[in-house]
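Following: one structure in structure tokens, then a few remarks.
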Amino acid sequence: MRKRLLQVCSTMRLMLRCCGLGRRRRSRLLHRAATYWTYSKLCANSLLYNSFTNSDVLLDSIFEPIYWLVDHVTRWFGVVFVVLVIVLTATIVLIVYVCMLPVILSTYPAGWVAWHLCYGHWNLVQIIFHYYKAVRTLPGQPTQGKSDIPMVSICRKCINPKPPRAHHCSICNRCILKMDHHCPWLNNCVGHYNHRYFFSFCLFMTLGCIYCSVSSREMFVDAYLTINMATAAPTISFRERAFHKSIIYLWVLCSSVALALSGLTLWHMVLILCGETSIERHINKKERQRQQQKGRVFRNPFHAGKLNNLKMFLGIEKRSHWVTRLLLPSSHLPYGDGMVWTLPAPFTVDKTILAI
């Protein structure tokens with residue numbers, strides 16, 4: 001009896017030991033799996049972690065193939081957009097000379113005829129001059145190699161030092177001084193050396209479209225009514241029909257361009273008065289929100305007052321420059337070299353970038 005009892009007890013002990021050993025093995029496997037998982041997370045975080053990573057960076061990474069496609073399409077179709085601008089502008093000028101000008105010369109008083117001739121040709125010269133300069137003028141890029149000029153960061157694409165306000169253009173594949181944006185209608189970047197030409201082109205093109213739209217309004221109404229009547233009962237010749245359709249084409253195109261381009265011009269005027277570019281407006285908005293969360297106030301270091309910003313942008317140094325550099329075509333260089341941004345003595349403003 002005792003032998004059986006001892007056998008049962010030894011069997012029970014052996015089973016308990018086996019169960020305990022199984023638990024130990026199971027716990028060791030789970031511990032090892034948890035250790036590997038933690039190590040894998042640590043490796044992933046060490047390789048992918050960035051203090052500047054946020055939802056915007058994640059979206060940019062997801063849409064990177066689309067950006068690549070848009071950049072390459074814009075790069076190859078830039079010449080097509082420039083040719084399109086030239087062709088559309090040439091057709092409008094041709095219609096004005098062939099259709100509108102004879103009507104103005106034959107029906108308007110001498111004073112109005114002189115005004116139309118002077119203003120129309122002045123506006124046309126301004127448009128041609130500033131568009132040519134905006135397309136042909138290089139926006140400027142940072143100096144390569146060693147330099148004593150202070151740099152604020154390193155470009156991730158060029159692996160070169162970047163001065164303040166410089167940004168990398170993925171279409172031009174280089175850094176641009178005071179970059180605003182890449183304009184496909186210019187097939188060029190808008191930067192430090194051609195920003196004024198771009199804005200002046202937008203301004204004078206808007207004024208020219210408004211001028212053509214207003215001047216041809218009565219002719220457009222007559223042409224529209226005549227075409228509708230001729231559709232019901234064709235009584236006009238081919239030449240008259242072509243004349244009326246040309247007037248309709250001129251009014252519709254000029255009105256549409258004036259509506260779209262006026263919004264773009266006003267937007268850039270606001271940016272100029274604030275001392276910002278399109279890219280800096282986006283950056284400063286985020287920085288302003290970030291400093292507000294810390295109880296601080298962000299101030300744009302390149303803002304010297306609205307009037308001073310406008311003067312520096314246009315290169316106005318004395319009163320006569322409002323005529324010679326704004327109302328007349330001028331190829332004067334912008335203020336500064338785009339590498340160092342220090343305000344001129346008359347425009348210096350005493351303020352800090354961040355104030356608590």
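If you read the sequence from its start, that first residue is 1, and numbering goes on from there.
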Original post:
Between His192 and Phe313, is a ring-ring contact (aromatic ring centres under 6.0 Å, His included) present by the stated rule, with each step listed?
Top reply: CA-CA 10 Å; His192 178 63; Phe313 179 81; 9.9 Å; no
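- Hydrophobic cluster membership for Leu138: none, as no Ile, Leu, Val, Met, Phe, Trp or Tyr side chain comes under 4.5 Å of it.
- Taking NZ from Lys245 and CZ from Phe238, the interatomic distance works out to 8.5 Å, rounded to the nearest 0.5 Å.
- Surrounding OH of Tyr132 are at most 12 heavy atoms belonging to other residues, nucleotides or ligands under 6.0 Å away.
- The number of heavy-atom neighbours closer than 6.0 Å to OH of Tyr249, taken from other residues, nucleotides and ligands shown, is above 12.
- Side-chain contact, Gln289 with Gln293: no donor N or O sits under 3.5 Å from an acceptor N or O.
- His244 and Tyr224 share no donor-acceptor pair across their side chains, judged by distance under 3.5 Å alone.
- A donor-acceptor contact under 3.5 angstrom links the side chains of Ser255 and Ser213, judged on distance only.
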Counting only pairs under 3.5 Å, give me each side-chain donor-acceptor contact of residues 80-89, with atom names and distances, residues two or more places apart or in other chains.
unit_1 : atom_1 : unit_2 : atom_2 : d
Thr89  : OG1    : Val85  : O      : 2.8

Pair up each side-chain donor or acceptor in residues 100-112 with any protein partner under 3.5 Å, not counting sequence neighbours, and list the distances.
unit_1 : atom_1 : unit_2 : atom_2 : d
Ser106 : OG     : Pro102 : O      : 2.9
Ser106 : OG     : Val103 : O      : 3.2
Thr107 : OG1    : Val103 : O      : 2.5

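- Rounding to the nearest 0.5 Å gives a distance of 9.5 Å between OG of Ser216 and CD1 of Ile95.
- Residues satisfying the side-chain hydrogen bond (donor to acceptor under 3.5 Å, both in side chains) criterion with Arg325, sequence neighbours excluded, are absent altogether.
- Phe204 and Val214 fall into different hydrophobic clusters, where Ile, Leu, Val, Met, Phe, Trp and Tyr side chains are chained together by heavy-atom contacts under 4.5 Å.
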Distance-only criterion, 3.5 Å: show the donor-acceptor pairs between side-chain atoms of residues 174-187 and protein atoms not counting sequence neighbours.
unit_1 : atom_1 : unit_2 : atom_2 : d
Asp180 : OD1    : Ser278 : N      : 3.0
Asp180 : OD1    : Ser278 : OG     : 3.3
Asp180 : OD2    : Ser278 : OG     : 3.0

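- Aromatic pair His130/Phe198: centroids not less than 6.0 angstrom apart.
- For Arg288, the CZ atom is densely surrounded, since the number of other residues' heavy atoms within 6.0 Å is greater than 12.
- Grouped with Leu266 in a hydrophobic cluster is no other residue, since no side-chain heavy-atom contact under 4.5 Å to another Ile, Leu, Val, Met, Phe, Trp or Tyr is found.
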